[in-house]
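Please read these numbers as outputs of a predicted model, since none were measured by experiment.
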Amino acid sequence: MSSNLKEAWLRLRALSKGVDSLVLKDMFAKEPNRFEKYSLSHDGLLFDFSKNRIDETSIDSLLGLAKASDLDEARRAMFRGDTINFTEGRAARHVALRSDEPSDVSEDVLRNRQQMLDFAEEVRAGNVCGSTGKAYTDVVNIGIGGSDLGPEMVTIALSPHHSGPRCHFVSNIDGSHIADTLLGLDPETTLFLVVSKSFTTLETMTNARAAMKWLTASLGDSAVRDHFVAISTNLPKVQEFGIDETRIFGFQEWVGGRYSVWSSVGLSVAIALGADNFKAFLAGAHSMDKHFLEADFRDNIPVMLALMGVWNRDVLGFLSTAIFPYDQRMRRFAAYMQQLDMESNGKRITRDGSVVEMDTGPLIWGQPGSNGQHAFFQWLHQGTNCVPADFLIAAKPTNADEGQHASLLANCLAQTEALAVGRTYDETVSKLKAEGRDEATIQRLAPHQVFPGNKPSNTILFPQLTPYYLGMLIALYEHKVYVQGVLWQINSFDQYGVELGKELALATEAQMHNGQPGAESPYTAGIMAAVKALRK
Ligand SMILES: O=P(O)(O)OC[C@H]1O[C@](O)(CO)[C@@H](O)[C@@H]1O
């Protein structure tokens with residue numbers, strides 16, 4: 001880490017001494033124009049970060065950190081296609097997937113995109129169909145992690161825009177996932193998309209083999225050609241698996257799994273929504289890309305979102321960040337963001353090989369509002385921990401009642417206020433008095449009904465949940481994650497942390513099926529014996 005950056009971190013962390021005086025209620029009283037000062041907009045999307053425990057001093061210090069980390073060069077390096085994935089020695093150039101501008105990779109990107117969109121349109125039109133001549137009614141995307149979460153989240157979020165076959169998503173190695181999905185599907189009208197960058201992922205290969213068995217049992221081996229598509233960068237493995245070469249859609253090595261929904265990995269999205277909607281999805285992301293690349297840091301939404309996260313994590317010390325889309329169709333958004341953020345920034349080694357000295361990526365979790373309000377919001381309001389949260393909401397509903405949407409909006413905004421402001425003991429006593437409670441009841445209940453408040457949140461408001469704005473939202477979070485990785489000096493684009501468990505699972509499975517007694521790992525021998533006894 002450069003001495004500049006070290007100093008910037010020291011300056012920032014020195015501010016932690018004064019954080020007790022940062023009380024949102026008082027800060028709003030002193031600065032009634034906080035919304036004007038601490039909100040940004042771009043292309044219809046509004047980012048309100050006024051309900052963070054920040055002031056001009058903290059913002060200056062955070063911006064100083066961004067500058068000292070050479071973030072300006074880092075963002076240009078990403079767009080140039082430099083080797084920013086420095087452990088795996090490649091670029092992370094997902095921004096090129098949503099750009100039509102000429103570059104060294106644009107020809108390849110546009111060719112892949114066109115092939116994928118043409119195929120999607122042919123499927124939608126019924127021109128490409130099953131082995132018995134029937135059009136596909138159902139598409140099953142088999143993949144996991146980035147080969148599943150993006151397509152699944154996006155197709156669910158944009159369901160009002162569906163006009164193609166139904167889409168299903170199978171990911172889990174648990175055989176019940178594919179079994180339950182295939183129930184009720186007709187082999188003659190089902191198309192399987194086997195999505196795996198590596199084409200070696202155990203879950204995906206196992207589920208793909210199960211799907212093939214199910215299909216060929218009724219339509220014979222020759223049907224595989226018409227009912228299986230592969231999306232991968234590993235062409236030899238796909239061919240070995242037996243998928244016809246005319247049904248293989250590739251993408252580039254520099255597309256990371258969790259950044260791949262913009263590539264051929266989005267085929268299920270394109271089949272469900274059509275090429276024009278898919279292009280609008282890319283265009284929304286591109287708009288955010290340009291904003292991220294060009295706007296000054298203080299006016300830059302991904303940069304400021306990242307800096308709020310760093311403030312909450314490294315100065316205020318909060319372990320987690322919650323994501324609450326007030327949108328039932330965005331119910332898989334937090335799960336998607338979990339992989340994006342936690343697989344990217346759940347790291348502890350910096351670019352120079354040393355152990356990082358600050359806390360890195362937070363625990364990401366969330367559920368849609370208003371449901372969450374009736375489950376875990378109690379804990380947020382009155383529990384002993386503090387969790388900063390992002391609230392996301394569309395100004396206008398899509399295929400839903402305007403009045404109900406007004407209630408949804410009101411709930412979303414009210415929660416951000418309740419978290420920030422809380423309710424004091426005296427206010428609680430007044431409320432109980434107004435309810436006509438007697439003195440003894442007031443004394444007994446008041447402490448239980450106090451809300452400490454001072455819980456930070458961001459609010460992200462967008463016009464409507466369209467393909468364009470969903471693309472913009474995802475790109476916003478992608479860039480936030482990258483900015484934070486740059487500040488922490490970690491590589492946001494590898495995922496070595498998932499490997500050890502995979503290796504041990506293979507050894508454990510071998511032991512479970514045909515291992516010699518006594519040769520088991522001491523850590524699992526006891527439970528393995530219990531499993532074997534129960535399986536007899
Ligand atoms: O697309 P693949 O190669 O099957 O990988 C699936 C997922 O597995 C991981 O490599 C590890 O969980 C993810 O990064 C990736 O999205």
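Around the CD atom of Glu107, the shell of radius 6.0 Å holds no more than 12 heavy atoms that belong to other residues, nucleotides or ligands. Around atom CD of Glu357, no more than 12 heavy atoms belonging to other residues, nucleotides or ligands sit under 6.0 Å away.
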**OP:** Could you go through the side chain to side chain contact (heavy atoms under 4.5 Å, CB included) check for Leu110 and Gln115 one step at a time?
**Re:** CA-CA 9 Å; Leu110 295 178; Gln115 274 171 356; over 6 Å; no
Subject >> Working for side chain to side chain contact (heavy atoms under 4.5 Å, CB included), residues Gln328 and Leu408 >> reply: CA-CA 10 Å; Gln328 185 57 22; Leu408 183 73; over 6 Å; no
**OP:** Kindly determine whether Leu305 and Leu476 satisfy side chain to side chain contact (heavy atoms under 4.5 Å, CB included), including the steps that lead there.
**Re:** CA-CA 9 Å; Leu305 179 62; Leu476 161 61; 3.9 Å; yes
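The side chain to side chain donor-acceptor pair (under 3.5 Å) check on Glu101 picks up His286, with sequence neighbours excluded. With sequence neighbours excluded, the residues forming a side chain to side chain donor-acceptor pair (under 3.5 Å) with Arg93 are Asp104, listed by chain and number. Under the rule for a side chain to side chain donor-acceptor pair (under 3.5 Å), Ser106 has no partner lying at least two apart in sequence or in another chain. For Asp72, the salt bridge (Lys or Arg N to Asp or Glu O under 4.0 Å) partners two or more places apart in sequence, or in a different chain, are Arg75, Arg76. In terms of the side chain to side chain contact (heavy atoms under 4.5 Å, CB included) criterion, residue partners of Ala295 (sequence neighbours excluded) are, by chain and number, His291, Asn300. For Asp289, the salt bridge (Lys or Arg N to Asp or Glu O under 4.0 Å) criterion is met by Arg98, not counting sequence neighbours. Under the ring-ring contact (aromatic ring centres under 6.0 Å, His included) criterion, Tyr259 pairs with His94, Phe493, sequence neighbours left out. In terms of the side chain to side chain donor-acceptor pair (under 3.5 Å) criterion, Asn141 has no residue partners (sequence neighbours excluded). Residues passing the salt bridge (Lys or Arg N to Asp or Glu O under 4.0 Å) test with Asp296, sequence neighbours excluded: none.
The aromatic ring centroids of Phe324 and Phe376 lie less than 6.0 Å from each other. Here Phe251 and Phe249 keep their ring centres 6.0 angstrom or further from each other.
The backbone N or O of Phe169 sits less than 3.5 Å from a side-chain atom of His177, completing a donor-acceptor pair. The closest donor-acceptor contact from the side chain of Ser2 to the backbone of Leu5 lies under 3.5 Å. When atom types are taken as modelled, the side chain of Ser61 and the backbone of Ser58 share no donor-acceptor pair closer than 3.5 angstrom. Side-chain N or O atoms of Gln464 include one that pairs as donor or acceptor with a backbone N or O of Pro397 at under 3.5 Å. The backbone N or O of Thr360 sits less than 3.5 Å from a side-chain atom of Arg313, completing a donor-acceptor pair. The main-chain N or O of Met308 is found under 3.5 Å from a side-chain atom of Asn312 such that the two form a donor-acceptor pair. The main-chain N or O of Ile364 is found under 3.5 Å from a side-chain atom of Gln338 such that the two form a donor-acceptor pair. In this structure, the side chain of Gln489 engages the main chain of Val486 through a donor-acceptor pair within 3.5 Å. Judged by distance alone, with hydrogens and angles left aside, the side-chain atoms of Ser232 form a donor-acceptor pair with the main-chain N or O of Lys197 at under 3.5 Å. A distance-only check finds no donor-acceptor pair linking the side chain of Asn345 to the backbone of Ser492 [under 3.5 Å].
Within the 4.5 Å cutoff, the side chain of Val19 has heavy atoms near those of the Leu22 side chain. Inter-residue side-chain proximity for Pro362 and Leu319 is flagged as unmet; no heavy-atom pair is nearer than 4.5 Å. Inter-residue side-chain proximity for Val255 and Leu97 is flagged as met; some heavy-atom pair is nearer than 4.5 Å. Using a 4.5 Å heavy-atom threshold, the side chains of Phe318 and Pro456 count as touching.
Below 30°, between 30° and 60°, or above 60°: for Phe377 and His381 the angle between ring planes is between 30° and 60°, a tilted geometry. Ring geometry, His479 versus Phe292: the interplanar angle falls under 30°, so the pair is classed parallel (tilted spans 30 to 60°).
Each of Val238, Thr204, Thr233 was checked for a side chain to side chain contact (heavy atoms under 4.5 Å, CB included) with Phe199, and the lone residue meeting it is Val238. Looking at Tyr468, Tyr469, Trp262 one by one, the single match for side chain to side chain contact (heavy atoms under 4.5 Å, CB included) with Phe281 turns out to be Trp262.
Looking at Asn411 and Gln373, their side chains do bring a donor and an acceptor atom within 3.5 Å of each other. For the residue pair Asp494 and Thr87, a side-chain donor N or O sits within less than 3.5 Å of a side-chain acceptor on the partner. No donor-acceptor contact under 3.5 angstrom links the side chains of Asp314 and Trp9, judged on distance only. If you check the side chains of Ser320 and Trp365, you find a donor sitting under 3.5 Å from an acceptor. Counting only N and O atoms by type, the side chains of Glu88 and Asn85 include a donor and acceptor under 3.5 Å apart. Counted by atom type alone, Ser354 and Asp352 present one or more donor-acceptor pairs between their side chains at under 3.5 Å. Inspection of the Ser198 and Thr201 side chains reveals an N or O donor paired with an N or O acceptor under 3.5 Å. With 3.5 Å as the limit, one finds no donor-acceptor pair spanning the side chains of Asn112 and Ser264.
Pairs engaging residues 345-364 under the ring pair (Phe, Tyr, Trp, His ring centres under 6.0 Å) rule: none recorded [sequence neighbours left out]. Contacts classified as salt bridge (charged side-chain N to carboxylate O under 4.0 Å, His left out) and involving residues 17-28 (residues at least two apart or in different chains) are given here: Lys25-Glu427.
Under the 4.0 Å criterion applied to side-chain N and carboxylate O atoms, Arg258 and Glu478 are not assigned as salt-bridge partners. Taking a cutoff of 4.0 Å between a charged side-chain nitrogen and a carboxylate oxygen, Arg113 and Asp100 qualify as a salt bridge. In summary, Asp82 and Arg80 engage in a salt bridge, as defined by a charged side-chain N under 4.0 Å from a carboxylate O.
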Taking distance alone, no hydrogens or angles, what donor-acceptor pairs closer than 3.5 Å link side-chain atoms of residues 386-396 to residues at least two apart or in another chain?
| from | atom 1 | to | atom 2 | distance (Å) |
| --- | --- | --- | --- | --- |
| Asp390 | OD1 | Asn458 | ND2 | 2.9 |
| Asp390 | OD2 | Tyr477 | OH | 2.7 |

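The minimum heavy-atom distance between Ala157 and Leu470, with the atom names listed, is CB-CD2, 3.8 Å. Across all their heavy atoms, Met337 and Ile474 have their closest contact at CE-CA, 4.3 Å.
Distance check, rounded to the nearest 0.5 Å: CD1 of Ile144 to CG of Leu149 gives 8.5 Å.
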